[in-house]
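Within every chain, numbering begins at 1; the chains are lettered A, B, ... in the order of the sequence lines, protein sequences first and strands thereafter.
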Amino acid sequence: MDSKRIVYMDHAATTYVKPEVLEAMLPYFTEQFGNPSSVYTLGRKSRSAIEEAREKVAKAIGALPEEIYFTGGGSEADNWAIKGAAFANRAKGNHIITSKIEHHAILNTCEFLEKQGFEVTYVSVDENGVIDLEELKNSITDKTILISIMFANNEIGTIQPIEEIGRIAKERGIIFHTDAVQAIGNVEINVKDMNIDMLSLAAHKFYGPKGVGALYVRKGIRIENLIHGGGQERKRRGGTENLPGIVGLGKAIELATADIEGHNARIRALRDRLLNGILEKIPYTKLNGHPEKRLPGNINVSFKFIEGEGLLLLLDQSGIYGSTGSACSSGSLDPSHVLLAIGLPHEIAHGSLRLSLGDKNTEEDVDYVLDVLPKIVQRLRDMSPLYENFIKGGR
Amino acid sequence: MDSKRIVYMDHAATTYVKPEVLEAMLPYFTEQFGNPSSVYTLGRKSRSAIEEAREKVAKAIGALPEEIYFTGGGSEADNWAIKGAAFANRAKGNHIITSKIEHHAILNTCEFLEKQGFEVTYVSVDENGVIDLEELKNSITDKTILISIMFANNEIGTIQPIEEIGRIAKERGIIFHTDAVQAIGNVEINVKDMNIDMLSLAAHKFYGPKGVGALYVRKGIRIENLIHGGGQERKRRGGTENLPGIVGLGKAIELATADIEGHNARIRALRDRLLNGILEKIPYTKLNGHPEKRLPGNINVSFKFIEGEGLLLLLDQSGIYGSTGSACSSGSLDPSHVLLAIGLPHEIAHGSLRLSLGDKNTEEDVDYVLDVLPKIVQRLRDMSPLYENFIKGGR
Amino acid sequence: MYSDKVMDHFMNPRNVGEIENADGIGEVGNPKCGDIMRIYLDVEDNIIKDVKFKTFGCGAAIASSSMATELIKGKTLEEAWRLTNKAVAEALGGLPAIKMHCSVLAEGAIHKAINDYRIKHGLEPWKDDKNYDDDHHDIGE
Amino acid sequence: MYSDKVMDHFMNPRNVGEIENADGIGEVGNPKCGDIMRIYLDVEDNIIKDVKFKTFGCGAAIASSSMATELIKGKTLEEAWRLTNKAVAEALGGLPAIKMHCSVLAEGAIHKAINDYRIKHGLEPWKDDKNYDDDHHDIGE
Ligand SMILES: Cc1ncc(COP(=O)(O)O)c(C=O)c1O
Ligand SMILES: Cc1ncc(COP(=O)(O)O)c(C=O)c1O
């Protein structure tokens, strides 16, 4: 290690659990551990704790408590929403609309459903990552049973026009699901005003624990179960409840949505300072995602001529933690499908860096990154044959 | 509350988390919280922690680490095994064999698959809850792709002849899954020796955390994903890993399988003392489940003339926590499908009590229950019109 | 799950027991479903002088029996007949949706006991439009 | 993920740079796939006197370039030709399965640079049976 300073800027990947959240969880591991389905006191206390958490989640998104179902994470919520709506509405139609930039929890679920006889349209996005609403409208058919468009993108941070999509879906009587895993705590959400029928979220993106999430399902919407089993979650999601996890989710969403505006103002100021510094200090750099309609903590930039994994490793050596859309870091062949969908050429997509800021980041962190990052980019460029070509006037 | 003493005897429903397990988990909430998929140091440490836990699980059941996949609990593991094998082998056949006494995570999954065009045979059990091996063999057809039989029953504790079932399945080239959620820590398990192809387990049944489990899938067995998504768990189970949960599962299974024999001897002695006391002190009482081939901590008895929910509530007032197979406590119409499957009449099934002992139970606990329980049973009988009929010589 | 009132009537049930040579006895329910309620009436001048019950069933069934017997004690048979299951449930501070059928049982047992009395006294039984022994519980939600 | 050797060669890569008027230059890879490796050779009396590289690619690609150039420095062209990707990976203390193609790139770049030298010197290029610019990485497991 070159340095003692640690700057965590990968909050979009996962966050630490806030001390208040962990504290709220602790009694439920060892003392108040009763099975919430049990009739005795210990079980009833667990049941109350879960219902309290359910109310908190409901309040945070403008839903009713009985519309909230707890899951084992964001991916389970996404899988459940999509497969659940598909299997329950097969008689009505077999067509699903989603976008090209969804999380793999949505995309791979859709791919599975295609194998089961469903048809899926993947709507395009513009160069800023905003969904093409005309294309969305035009792709609706009589057989369309579900539209699933993410609230905010995890890589480039672009926020979608969810209200408008909600309106379109409502007009046509189509179920509308949104993956809000990245949006919670960063955007004001009201599922009723926005005509959202289903919404996925995951605690570990807003300082809650990993392995727990929730799916909001509007009253009256029927979906097939994903995890069949006991009578938990009003018979819609089997499995002994993750009691401490659910309590943690409740506490975390309460904290995360208590003052979204204040949180955003602070994070956005830091983010802009960092972003402007990067664009100023490092030439041949491009911002990915929408310049304004983006998550407050999200930076996604492409540095020409270099590849992202090496960048991450060198940043790591300086105690800076970020992420990249380069294929090389994930073991797949292609770079991020999101970066390709907004039109980046492969080699530019490979040189992308995502820094996602969070509650503990400071101005000193920003200044430190602004000191370290330009040197690292230059170091990699000095090793790069593409940069050599460019400097020598070729390309 | 009549009493200060608390006697928890519902370990089959869920257990508290052992202090050593919680301690092992704690750093992973707030400090070592990095996303295991990340390339930087913090992520790599998370990755190592997960792989270490995977090795512990593998060791506990005689599998290879790469055969273990972490899930969000026992129900998810069960759903995944059954649906995964069904969807992946549809081309080979559409017939599944299971038993009448499986957990609802299996039974309701099978019901879902029946709606999807699969055929399911539910094999009977004898009066002790042991699977009918002849019926099992006879129900195998050319189209049989999967046999799923639980290792030990959660209600009556009966342990199945898993090795023999494994042999039958192997001979016929059929995938064999076992729900070992209740068996881990109570029975020596070796998936290779026993010819088990898939095995489900859940941490919260052996002093680990709720909301995390695992599915063992023998190398070479192909199953469809249940939770599609990112590349986690070698692309077979999407979703950011429940890092503290997985670490807790690893620690818990290590502790639970370190000395199964010693643990069993202790628990069985306590259990037998309690069971014999109950049978001696309370007339018109029947033991459910196999007298010998049963989980060491399991007692399941039926008290004639009374109903279980009231029993639980009165026990609760005395600080004793148990469970019942009565429908009244679960909100369903029928009493436990397991008790009906072993041939109990409805009214006897309604009067059942399960007490499942665990590591912290003592002889004093047993004596306390033996003091309290007979009085409670008598009190309810004194209120019961069925008992009145019986005493008056009717019925 | 249960209100304090329910727990109180379950823990300390009023009017448990039987009445020897009761004027009217009514029993409803079904051991298959896990609940049987039997009510004994002691009637004098059309007034319920005493009432006792025996119940095989869950906490709510016992509490409903206790409350229902309390509510009809000292009442005329006509008043007792008009006691609805809703009134029993309300008096208990509410019952969980899946337990509402317990209050229905209480209503039914009282009706049967009253008609038993009427028949024994050569009176026309009053008409009841529900079948209280039905296997199918009325489950809400 | 990476061995200490890989990290060392990534963090402190040997032989980075270019050679002006190099005797042989070889480049393989494809920016689409996220890796390009270019190797410069300075050859004297059939011996590799000096070697430099420039690489666009992940940590393993840079480490493989560094290690491969170290391994052929001072060697005859025949010896350098015989350097396999396996030898490079082994010298690095192993590479993750999904990164093995990086060592293949190094082997390929060296082969190309040697043949560039041979062609420039009017010699028949040695035959190579692999196509190192292929889009399709060889992914293990
Ligand atoms: C035999 C059996 N299988 C499956 C399960 C489901 O496990 P979980 O509740 O952790 O999802 C349980 C416990 O509830 C069980 O006892
Ligand atoms: C937009 C989005 N959807 C879904 C997920 C999946 O959530 P989880 O990893 O908690 O299953 C994530 C995060 O990984 C995400 O960013």
Side-chain angles (χ1 to χ4, degrees), chain A residues 8 10 13-17 19 22 29-31 33-35 37-43 71-76 78-79 103-105 108-109 111-112 202 204 209-212 224-231 238-245 309 312-313 315-316 321 323 329-332, chain B residues 8 10 13-17 19 22 29-31 33-35 37-43 71-76 78-79 103-105 108-109 111-112 202 204 209-212 224-231 238-245 309 312-313 315-316 321 323 329-332:
Chain A
Y8 185 76
D10 203 14
T14 196
T15 58
Y16 56 90
V17 174
L22 181 58
F29 289 106
T30 45
E31 308 285 322
F33 65 93
N35 194 318
S37 302
S38 305
V39 300
Y40 43 73
T41 314
L42 194 65
T71 69
S75 297
E76 185 193 322
D78 280 346
N79 273 257
H103 190 270
H104 280 111
N108 291 351
T109 298
E111 208 179 272
F112 165 74
H204 73 101
K210 295 174 175 60
V212 60
E224 174 68 57
N225 290 2
L226 177 71
I227 304 202
H228 296 88
T240 303
E241 296 89 339
N242 178 355
L243 179 61
E309 193 214 68
L312 289 193
L313 290 173
L315 284 170
D316 182 17
Y321 300 148
S323 100
S329 93
S330 72
S332 74
Chain B
Y8 185 77
D10 203 14
T14 196
T15 58
Y16 57 90
V17 174
L22 181 58
F29 289 106
T30 46
E31 309 283 322
F33 65 92
N35 193 316
S37 302
S38 304
V39 299
Y40 44 74
T41 315
L42 195 65
T71 69
S75 297
E76 185 192 322
D78 280 346
N79 273 257
H103 190 269
H104 280 112
N108 291 352
T109 298
E111 208 179 274
F112 165 75
H204 73 101
K210 295 173 175 61
V212 59
E224 175 66 73
N225 289 3
L226 177 71
I227 303 203
H228 296 87
T240 302
E241 296 88 339
N242 179 355
L243 180 60
E309 194 215 67
L312 290 193
L313 290 173
L315 285 170
D316 180 18
Y321 301 148
S323 101
S329 96
S330 72
S332 73

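- Of the listed residues (A/T15, A/T71, A/N225), the one with the most heavy-atom contacts under 4.5 Å to chain B is A/T15.
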Quiz item: Can you list the steps and then say if B/T109 with B/D78 is a side-chain contact (heavy atoms from CB on, under 4.5 Å)?
Solution: CA-CA 8 Å; B/T109 298; B/D78 280 346; 5.8 Å; no
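- A perpendicular orientation is assigned to the rings of B/Y8 and A/Y40, their planes being inclined by more than 60° (bins at 30° and 60°).
- Using a 4.5 Å cut-off between heavy atoms, B/S38 contacts chain A through its side chain alone, with no backbone atom that close.
- Interface remark: of the candidates B/E224, B/E241, B/H228, B/H228 forms the most heavy-atom pairs closer than 4.5 Å to chain A.
- Between A/L42 and A/E31, the shortest heavy-atom contact is CD1-O, 3.7 Å.
- Heavy atoms closer than 4.5 Å to chain A are found in the side chain of B/N79, but not in its backbone.
- When each of A/L226, A/L315, A/L313 is checked for heavy-atom pairs under 4.5 Å with chain B, A/L226 comes out on top.
- Put simply, the side chain of B/N35 gets close to the backbone of A/A13: a donor and an acceptor are under 3.5 Å apart.
- Applying the side-chain hydrogen bond (donor to acceptor under 3.5 Å, both in side chains) criterion to B/S75, with sequence neighbours excluded, gives no partner residue.
- Interface remark: A/L243 contributes backbone and side-chain atoms alike to the contact with chain B (heavy atom separation under 4.5 Å).
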